[in-house]
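Report on one structure; see the data block that follows.
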Protein chains: 2
Amino acid sequence: MRMEVLSIGEAASRSGVPPKTIRYYEEIGLIAPAERLENRYRAYDENDVQTLRFIQRARRLGFSLKEVAALLGLYRNRRRASKDVKRLALARVAELDRKIAELKAIRNTIADLAERCHGDHRPECPILDELESHAH
Amino acid sequence: MRMEVLSIGEAASRSGVPPKTIRYYEEIGLIAPAERLENRYRAYDENDVQTLRFIQRARRLGFSLKEVAALLGLYRNRRRASKDVKRLALARVAELDRKIAELKAIRNTIADLAERCHGDHRPECPILDELESHAH
DNA sequence: CTTGACCCTCCAGCTGCTGGAAGGCCTAGA
DNA sequence: TCTAGGCCTTCCAGCAGCTGGAGGGTCAAG
């Protein structure tokens, strides 16, 4: 694999992570500080792009930056134990299940209220009444 | 209804909205600046508590502060049209449906990967491989 | 040689709070 | 009367995870 030198913009378009976000990741230490060219431009290679893609996919799956950092560590560690990765993944699934259930409950509450609301020019609407007086 | 004067702490415990959050709501203009006693303490009454409860319930239903502001406006407007309220509610439902579907997809992706991961001391784990190479 | 597209750093802001510092006030007990 | 504590006040900072902009430097094309 030839190690072509990529600018931050090129690394961005190849990885899907915007330049600003790449700099941010560097700033918070998620990725190592990039090499610099003589003009102080950051220089990347395909490995960096790969890492950025890894990060982006993990982020898309809803892993927090802290979790992504952990995953990156496991990813880079050849002696990695799949137990740790699985633990992170299952924790994320549990969290998602909790969140989904919560959103569903809220969704149904609002949908019920909306159904009982005329939705015309008349002022009667149980949504506001509910918000006003519902004893939770 | 007697208009007992309540301190911010009392208003907080009666409404369920913490003092800091009440001050914050005042700061961003969600609620009107509170009257002040001679010692500069904020003074509230039952009406204010009612409003805070309204806000809290709307927040629990996941309405953003902007939406809450709109709901408050409609709530206070006697000539309010239920159409506007319903529109807000349905928009929220649609947004929730979108979010729920998204989280479900993510959840299933991670759960699938976790299932195929040994979860022991062995290094093989498709989760990392997927993050590494999955062409999205 | 100029124009425009990059790149750099630094600072501010987004949402919705929350914590803490530094100070004022008020009540109760010793 | 003093003091301890628990309120209250303001202001500043920080959480996550970026994103936008200002004010500059650099570079390649025409």
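In the set C:dG16, C:dC10, D:dC27, C:dC10 carries the atom at the smallest distance from any side-chain atom of A:K20. Between D:dT19, C:dC25, D:dT10, one nucleotide has an atom nearer to the side chain of A:Y24 than all others, and that is D:dT19. In this structure, of D:dC18, C:dG16, C:dC8, it is C:dC8 that holds the atom nearest to the side chain of A:R23. Residue B:I8 has its side chain nearest to D:dC8 when only C:dG19, D:dC8, D:dG17 are considered. Counting only heavy atoms from C-beta on, A:T21 has its side chain closest to D:dC18 among D:dC18, D:dT26, C:dC17. In the set D:dT10, D:dC18, C:dC6, D:dT10 carries the atom at the smallest distance from any side-chain atom of B:R36.
Atoms NZ and CG, from B:K66 and B:L88 in turn, are 12.5 Å apart once rounded to the nearest 0.5 Å. Going from atom CG of A:L37 over to atom OG of A:S7 covers 9.0 Å, rounded to the nearest 0.5 Å. Rounded to the nearest 0.5 Å, atoms OG (B:S64) and CZ (B:R59) are 7.0 Å apart.
Atom-to-atom, CZ of B:R59 to P of C:dT18 comes out at 10 Å; the value is rounded to the nearest Å. For the pair B:I28 CD1 and C:dC14 C1', the interatomic distance rounds to 13 Å; values are reported in whole Å. Look at CD1 on B:I31: it is 12 Å from P on C:dC17, rounded to the nearest Å. Distance CZ (A:R40) to C1' (C:dT9): 8 Å, rounded to an integer number of Å. Taking atom CD1 on A:I22 and atom P on C:dT9, their separation rounds to 13 Å, with Å as the unit. Between B:E27 atom CD and D:dC12 atom C1' there is a gap of 11 Å when expressed in whole angstrom units. The CD-P distance, from B:E26 to D:dT9, rounds to 9 Å in whole Å. Taking atom CD of residue A:E10 and atom P of nucleotide D:dC27, one finds them 14 Å apart after rounding to whole Å.
Between B:R42 and D:dT10 there is a side-chain polar atom (N or O) within less than 4.0 angstrom of OP1 or OP2. Residue B:N39 places none of its side-chain N or O atoms closer than 4.0 Å to OP1 or OP2 of D:dC8.
Considering A:V17, A:T51, A:V68 as possible partners of A:Y25, the one that fulfils the side chain to side chain contact (heavy atoms under 4.5 Å, CB included) test is A:V17.
Interface remark: the A:Y25 side chain does not form any donor-acceptor pair with the D:dG17 base, using a distance-only criterion of under 3.5 Å.
The shortest heavy-atom contact between A:L96 and B:R107 is CD1-CA, 3.6 Å.
With DNA chain C read from its 5' end, the first of the two nearest nucleotides for A:Y41 and B:S64 is the one closest to A:Y41.
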